[in-house]
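Data first, discussion second: the structure below is written as structure tokens.
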Amino acid sequence: MKKKFILAILIFLIISIFILAKFEYKKLFSGNNISKSDNTDILNISSYEATIEVEVYSNKNTNKYLIKQKYVEPNIFRQEIINPTSIEGITIISNGEQTILENKAYNLKTVYENFKGKASNLSLVSFINAYKEDEGSKIEENEKEKIMKTKIKDSNNKYQKYQNLYISKKTNLPTKMEILDINQNRTVYILYNEIVINKTNPRDIL
């Protein structure tokens with residue numbers, strides 16, 4: 001009788017562990033690793049981490065990049081190129097006072113004091129700032145997405161005049177962004193493979 005009781009307990013534990021493991025696996029590997037964000041206002045995030053695929057279009061070809069980005073408010077930002085391997089490891093780090101350009105392959109580092117430009121126009125926070133500054137910003141919707149549209153204020157670059165950010169209604173998180181030229185043709189396409197909102201600390205960047 002005692003042996004049967006112990007066996008029953010062991011079976012129960014094994015089944016419980018299996019169910020928990022399966023549940024955790026689904027959480028970790030569902031979709032493209034973008035978890036659900038509970039009512040996050042994307043315009044007022046405090047931080048984010050993202051792995052993005054970037055396609056830059058020109059008249060003759062398309063260049064593709066894999067990039068890791070990290071941001072913490074108000075102005076701490078890091079962007080590192082993962083692929084292509086020819087420029088792998090090139091990193092931009094900004095802390096609001098300094099902007100540092102690193103090339104790990106050649107062990108080079110350049111520091112820019114009081115840098116006034118944008119560390120990256122490919123960043124989510126760059127879109128957020130543009131959206132807040134543009135009085136003509138608007139949101140459109142389809143069955144699965146909200147599409148936030150804005151014009152890049154004071155941009156002298158005719159190839160980067162407009163931005164559209166697509167937000168999944170299911171996860172409430174960005175799935176892709178596009179930058180358009182003066183004629184509304186796509187010049188840059190950004191796909192968010194992974195993104196985590198409001199979980200990053202400054203020590204994760206600096």
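Residues: numbered from 1 along the sequence shown.
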Item to complete: Nearest 0.5 Å please: distance from the CG atom of Leu173 over to the CD1 atom of Ile197.
Response: 5.5 Å
Item to complete: Begin with the C-alpha distance, continue with both residues' side-chain angles, and end with the deciding distance and a verdict on side chain to side chain donor-acceptor pair (under 3.5 Å) for Glu88 and Asn83.
Response: CA-CA 5 Å; Glu88 179 183 5; Asn83 204 39; over 6 Å; no
Response to the item:
d(Ser94 OG, Asn75 CG) to nearest 0.5 Å is 6.0 Å
Practice prompt. Could you work out the complete set of other residues in the hydrophobic cluster of Tyr166, with links drawn between I, L, V, M, F, W and Y side chains under 4.5 Å apart?
Written response: Ile147
Discussion item. Listing request: all ring-ring contact (aromatic ring centres under 6.0 Å, His included) pairs with a residue in residues 124-152, at least two apart in sequence or in separate chains.
Written reply: Phe127-Tyr131
Item to complete: Evaluate the side-chain proximity of Ile93 to Lys109: yes if any heavy-atom separation is below 4.5 Å, no if none is.
Response: no
Discussion item. Taking the side chain as everything from C-beta on, heavy atoms only, tell me whether Ile195 gets closer than 4.5 Å to Pro174.
Written reply: yes
Fill in: pair Val111-Glu113: side-chain heavy atoms closer than 4.5 Å
yes
Fill in: Greater than 12 external heavy atoms within 6.0 Å of Lys151's NZ
no
Worksheet item: Linking I/L/V/M/F/W/Y whenever any side-chain heavy atoms sit under 4.5 Å apart, do Ile205 and Ile82 land together?
Response: no
Item to complete: Check step by step if side chain to side chain donor-acceptor pair (under 3.5 Å) holds for Asp134 and Thr150.
Response: CA-CA 6 Å; Asp134 179 21; Thr150 190; 3.2 Å; yes
Worksheet entry | Transitive ILVMFWY side-chain link Tyr192 to Ile42, under 4.5 Å | yes
Worksheet item: Do Gln69 and Tyr48 pass the side chain to side chain donor-acceptor pair (under 3.5 Å) test, and can you show the C-alpha distance, the side-chain angles, and the key distance before you say yes or no?
Response: CA-CA 8 Å; Gln69 295 179 338; Tyr48 82 90; 2.9 Å; yes
Discussion item. So which atom in Glu80 and which in Gly89 form the shortest heavy-atom distance, rounded to 0.1 Å?
Written reply: OE2-CA, 4.0 Å
Worksheet, complete the sentence: Of all heavy-atom pairs linking Ala130 and Ser137, the shortest is O-OG, 4.4 Å
Item to complete: May I ask you to check whether over 12 heavy atoms, not counting those of Lys146, lie within 6.0 Å of atom NZ?
Response: no
Item to complete: Determine whether more than 12 heavy atoms belonging to other residues, nucleotides or ligands lie under 6.0 Å from atom CG of Asn61.
Response: yes
Worksheet item: Does the side chain of Thr200 reach to within under 4.5 Å of the side chain of Tyr71, using non-hydrogen atoms?
Response: no
Worksheet item: Do Thr175 and Glu145 have side-chain heavy atoms sitting under 4.5 Å apart?
Response: yes
Worksheet entry | Non-hydrogen atoms of Ser123 and Met177 that approach each other most closely | O-CE, 4.0 Å
Worksheet item: Does atom CG of Asn156 have more than 12 heavy-atom neighbours from other groups under 6.0 Å away?
Response: no
Discussion item. Set out, in order, the CA-CA distance, both residues' side-chain angles and the distance that settles side chain to side chain donor-acceptor pair (under 3.5 Å) for Asn193 and Thr51, then state yes or no.
Written reply: CA-CA 6 Å; Asn193 285 343; Thr51 300; over 6 Å; no
Discussion item. Out of the candidates Ile179, Val188, Asn63, only one should pair with Val54 under the side chain to side chain contact (heavy atoms under 4.5 Å, CB included) rule; please name it.
Written reply: Val188
Practice prompt. Considering non-hydrogen atoms only, spot the tightest contact between Glu49 and Asp204 and give its length.
Written response: OE2-OD2, 4.4 Å
Item to complete: Walk me through it: do Leu101 and Ile90 pass the test side chain to side chain contact (heavy atoms under 4.5 Å, CB included)?
Response: CA-CA 7 Å; Leu101 177 61; Ile90 292 180; 4.1 Å; yes
Worksheet entry | Full working for side chain to side chain contact (heavy atoms under 4.5 Å, CB included) between Val72 and Asn201 | CA-CA 7 Å; Val72 175; Asn201 297 310; 5.7 Å; no
Practice prompt. Would you check if Val125 and Glu73 make a side-chain contact, meaning some heavy-atom pair closer than 4.5 Å?
Written response: no
Fill in: From CD1 (Ile45) to OG (Ser47), nearest 0.5 Å
7.0 Å
Response to the item:
Taken to the nearest 0.5 Å, the spacing of Lys161 NZ from Gln184 CD works out to 11.5 Å
Worksheet item: Is the shortest distance from a Lys or Arg side-chain nitrogen in Lys104 or Glu102 to a carboxylate oxygen in the other one below 4.0 Å?
Response: no
Response to the item:
Value for CG (Asn129) from NZ (Lys153), rounded to nearest 0.5 Å, stands at 11.5 Å
Discussion item. Are Leu66 and Ile92 linked, directly or through intermediate hydrophobic residues, by side-chain heavy-atom contacts shorter than 4.5 Å (ILVMFWY only)?
Written reply: no
Fill in: Side chains of Asp181 and Thr187, donor plus acceptor under 3.5 Å
no
Worksheet item: Does Ile190 reach the side chain of Glu53, with side-chain heavy atoms less than 4.5 Å apart?
Response: no
Worksheet, complete the sentence: Separation between OG (Ser46) and CG (Asn198), nearest 0.5 Å, reads 3.5 Å
Worksheet item: Would a hydrophobic clustering, with Ile, Leu, Val, Met, Phe, Trp and Tyr connected at side-chain separations under 4.5 Å, put Ile128 with Leu180?
Response: no
Practice prompt. Before accepting this row, confirm whether a basic side-chain N of the pair Glu141/Lys169 lies closer than 4.0 Å to the acidic partner's carboxylate O.
Written response: yes
Item to complete: Taking the side chain as every heavy atom from C-beta outward, state whether Thr110 and Thr99 have any pair of such atoms under 4.5 Å apart.
Response: no
Discussion item. For Asn121 and Gln160, which I'm curious about, is there any donor-acceptor pair between the side chains at under 3.5 Å?
Written reply: yes
Worksheet item: In terms of hydrophobic clusters joined by side-chain contacts under 4.5 Å, are Leu165 and Tyr162 together?
Response: no
Practice prompt. Just jot down the side chain to side chain contact (heavy atoms under 4.5 Å, CB included) partners of Glu55, sequence neighbours excluded, or say none.
Written response: Tyr57, Thr62, Lys64, Tyr189
Discussion item. Check this for me, if you would: do Glu178 and Arg186 make a salt bridge, where the nitrogen-to-carboxylate-oxygen distance has to be below 4.0 angstrom?
Written reply: yes
Worksheet item: Tyr65 and Ile87: side chain to side chain contact (heavy atoms under 4.5 Å, CB included), yes or no, with the steps?
Response: CA-CA 10 Å; Tyr65 307 90; Ile87 54 174; 3.7 Å; yes
